[in-house]
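Below is one structure; the comments refer to it alone.
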Amino acid sequence: MKQQSLIIAWFLVQSVFSIGQTFDVRSTNWGMTIQEVTKAEYPMEPEIEGNELVFSNVDIGNGFTATITYSFTNGKLTKVEYEVYGYKYGNARGTCKNIVSLYDKVAYSKFIFDALKEKGYVCDLGWYFLTIGDRYLADYTKKREDYSNCSNDKSTVDFVDKIAKENRFDRISIELKNKRCTANFRFNEHQNYPESNFGIQKNCDDEYYNIYFWLYFEPTSEVLKELNKNRF
């Protein structure tokens, strides 16, 4: 009877810890090993590519799928990358001939922004353009507050898109942050430039044009410092 009571007590403790447990990304935490991440994503099976685990065709909700890549440094998890694809059918599917606007990509993925907000993410860098030297929304509006403007309303996003087209920027980014992670969105804007190497060509890849964005998660500098303490 005593042994049975101990077993019940153990299960209660485990239940309390699992309910209160929080994760950095999906069901993983920074510093996990390859084996631990593989177990956390079971029953999905990854491809192993060097120091990376790659999970393909992952259902992330709302009709979206993603390729998720976990990267490891010295055997510890230090980066998670999502390659997020749009819908499979209809006008929301990006193809070489059907260009999905930046605002539609942001609007369709609002559930992701909302999920991050629930996990304590706030605006970090705001909207900016990936070039040889990064340029920020504030560089064009001359408003200092736009350095931390992560608004996803239509007027803001359309203005960001307009700047990108006028200046031929092929990537638009926005960065959020919580106490343990940074989350960086990089929207696929190559389709704006049909004559470029990434634009509409004879052998255009519809699957590539249906990538709405890449989403990179990395530990904050404070968390990374903690992970590095155990290297000696």
Side-chain angles (χ1 to χ4, degrees), residues 25-26 58-69 80-131 134-141 143 145-178 181-194 196 198-200 206-218:
V25 183
R26 290 173 66 81
V58 181
D59 181 357
I60 60 172
N62 283 33
F64 282 82
T65 58
T67 297
I68 302 178
T69 303
V80 183
E81 176 187 342
Y82 284 65
E83 186 173 271
V84 180
Y85 288 83
Y87 297 103
K88 294 182 179 179
Y89 309 103
N91 290 331
R93 172 176 166 74
T95 68
C96 300
K97 295 182 179 179
N98 180 55
I99 305 304
V100 180
S101 71
L102 175 63
Y103 175 71
D104 283 341
K105 289 175 182 176
V106 172
Y108 288 137
S109 56
K110 182 178 180 296
F111 75 101
I112 297 175
F113 284 92
D114 290 343
L116 292 177
K117 191 179 294 183
E118 289 179 7
K119 295 190 73 171
Y121 282 83
V122 296
C123 187
D124 188 20
L125 291 181
W127 290 102
Y128 66 100
F129 309 93
L130 295 171
T131 64
D134 292 342
R135 301 296 300 273
Y136 295 85
L137 181 60
D139 296 334
Y140 300 91
T141 63
K143 297 177 182 177
E145 61 268 25
D146 279 339
Y147 280 110
S148 58
N149 180 0
C150 290
S151 174
N152 54 14
D153 65 86
K154 193 172 190 309
S155 60
T156 300
V157 176
D158 283 347
F159 184 61
V160 167
D161 201 22
K162 179 175 178 289
I163 294 170
K165 286 177 173 143
E166 289 175 350
N167 293 275
R168 305 181 60 75
F169 298 139
D170 57 15
R171 292 286 177 89
I172 298 172
S173 194
I174 185 172
E175 188 166 296
L176 308 174
K177 184 179 182 180
N178 69 9
C181 315
T182 61
N184 185 283
F185 290 82
R186 295 183 186 177
F187 288 90
N188 182 4
E189 290 295 289
H190 289 314
Q191 68 267 18
N192 290 338
Y193 319 104
S196 75
F198 299 102
I200 298 172
D206 278 349
E207 284 301 308
Y208 179 80
Y209 277 81
N210 198 37
I211 298 173
Y212 273 24
F213 56 87
W214 294 265
L215 175 55
Y216 299 88
F217 289 96
E218 294 183 271

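Numbers for residues simply follow the sequence, beginning at 1.
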Roughly how far, to the nearest 0.5 Å, is the CG atom of Leu137 from the CD atom of Glu145?
9.5 Å
Quick one: list whatever passes salt bridge (Lys or Arg N to Asp or Glu O under 4.0 Å) with Asp158, sequence neighbours left out.
Lys154
To the nearest 0.5 Å, what is the distance between CG on Asp134 and CZ on Phe129?
10.5 Å
Value rounded to 0.5 Å, distance of OG1 in Thr67 from OH in Tyr82:
11.5 Å
Rounded distance [0.5 Å steps], CZ in Phe159 versus CG in Asn149:
10.5 Å
Go through the side-chain N and O atoms of Asp59 and Thr65 and say whether any donor and acceptor fall under 3.5 Å apart.
no
Closest non-hydrogen atom pair, Cys123 against Ser148
SG-O, 3.3 Å
The test is side-chain contact (heavy atoms from CB on, under 4.5 Å); show your working for Lys165 and Leu102 and say whether it passes.
CA-CA 11 Å; Lys165 286 177 173 143; Leu102 175 63; over 6 Å; no
Kindly confirm or rule out a cation-pi arrangement of Arg186 over Tyr216, judged by NZ or CZ under 6.0 Å from the six-membered ring centre and within 45° of its axis?
yes
If I compare all heavy atoms of Val157 with all of Ser151, which pair ends up nearest, and what's the gap?
CG2-O, 4.3 Å
Which of parallel (below 30°), tilted (30 to 60°) and perpendicular (above 60°) describes Phe217 and Tyr121?
perpendicular
Could you give me the CA-CA distance, side-chain angles and deciding distance for Asn184 and Leu215, then say whether side-chain contact (heavy atoms from CB on, under 4.5 Å) is met?
CA-CA 6 Å; Asn184 185 283; Leu215 175 55; 5.8 Å; no
Pairs in or reaching into residues 206-216: which pass salt bridge (charged side-chain N to carboxylate O under 4.0 Å, His left out), with residues at least two apart or in two chains?
Arg93-Glu207
With a 4.5 Å limit on heavy-atom distance, are the side chains of Glu166 and Tyr140 in contact?
no
When rounded to the nearest 0.5 angstrom, what distance separates CD in Glu175 from CH2 in Trp127?
13.0 Å
For Lys117, side-chain hydrogen bond (donor to acceptor under 3.5 Å, both in side chains) partners two or more places apart:
none
Residues at least two apart in sequence or cross-chain that pass side-chain hydrogen bond (donor to acceptor under 3.5 Å, both in side chains) with Lys110, listed by chain then number, are Asp114
Scan side-chain atoms only and decide if Tyr128 and Asp139 contain a donor-acceptor pair under the 3.5 Å cut-off.
no
Does a side chain donor of either Thr156 or Asp153 reach within less than 3.5 Å of an acceptor in the other side chain?
yes
Phe187 and its ring pair (Phe, Tyr, Trp, His ring centres under 6.0 Å) partner, picked from Phe213, Tyr108, Phe169:
Phe213
With sequence neighbours excluded, what pairs up with Tyr85 under the side-chain hydrogen bond (donor to acceptor under 3.5 Å, both in side chains) test?
Glu83
If every non-hydrogen atom of Gly90 is compared with every non-hydrogen atom of Asn98, which pair is closest and at what distance?
O-ND2, 4.5 Å
Between Cys150 and Leu176, what is the shortest heavy-atom contact and its length?
SG-CD2, 3.7 Å
Measuring from Lys162:NZ to Asn167:CG, what's the distance to the nearest 0.5 Å?
9.5 Å
Going through the checks in order, is the side-chain contact (heavy atoms from CB on, under 4.5 Å) test met by Ile172 and Asp161?
CA-CA 8 Å; Ile172 298 172; Asp161 201 22; 4.2 Å; yes
Using the test disulfide (SG to SG under 2.5 Å), find all partners of Cys181 that sit at least two apart in sequence or belong to another chain.
none
Smallest heavy-atom separation, Asn210 atom then Gly94 atom, equals OD1-N, 2.7 Å
Under the side-chain contact (heavy atoms from CB on, under 4.5 Å) criterion, do Tyr147 and Leu125 qualify, and how do the steps go?
CA-CA 6 Å; Tyr147 280 110; Leu125 291 181; over 6 Å; no
Ring-plane angle category for Phe113 and Phe185, please: parallel below 30°, perpendicular beyond 60°, tilted otherwise.
parallel
Are Ile211 and Val84 packed together at the side-chain level, in the sense that at least one heavy-atom pair is separated by less than 4.5 angstrom?
no
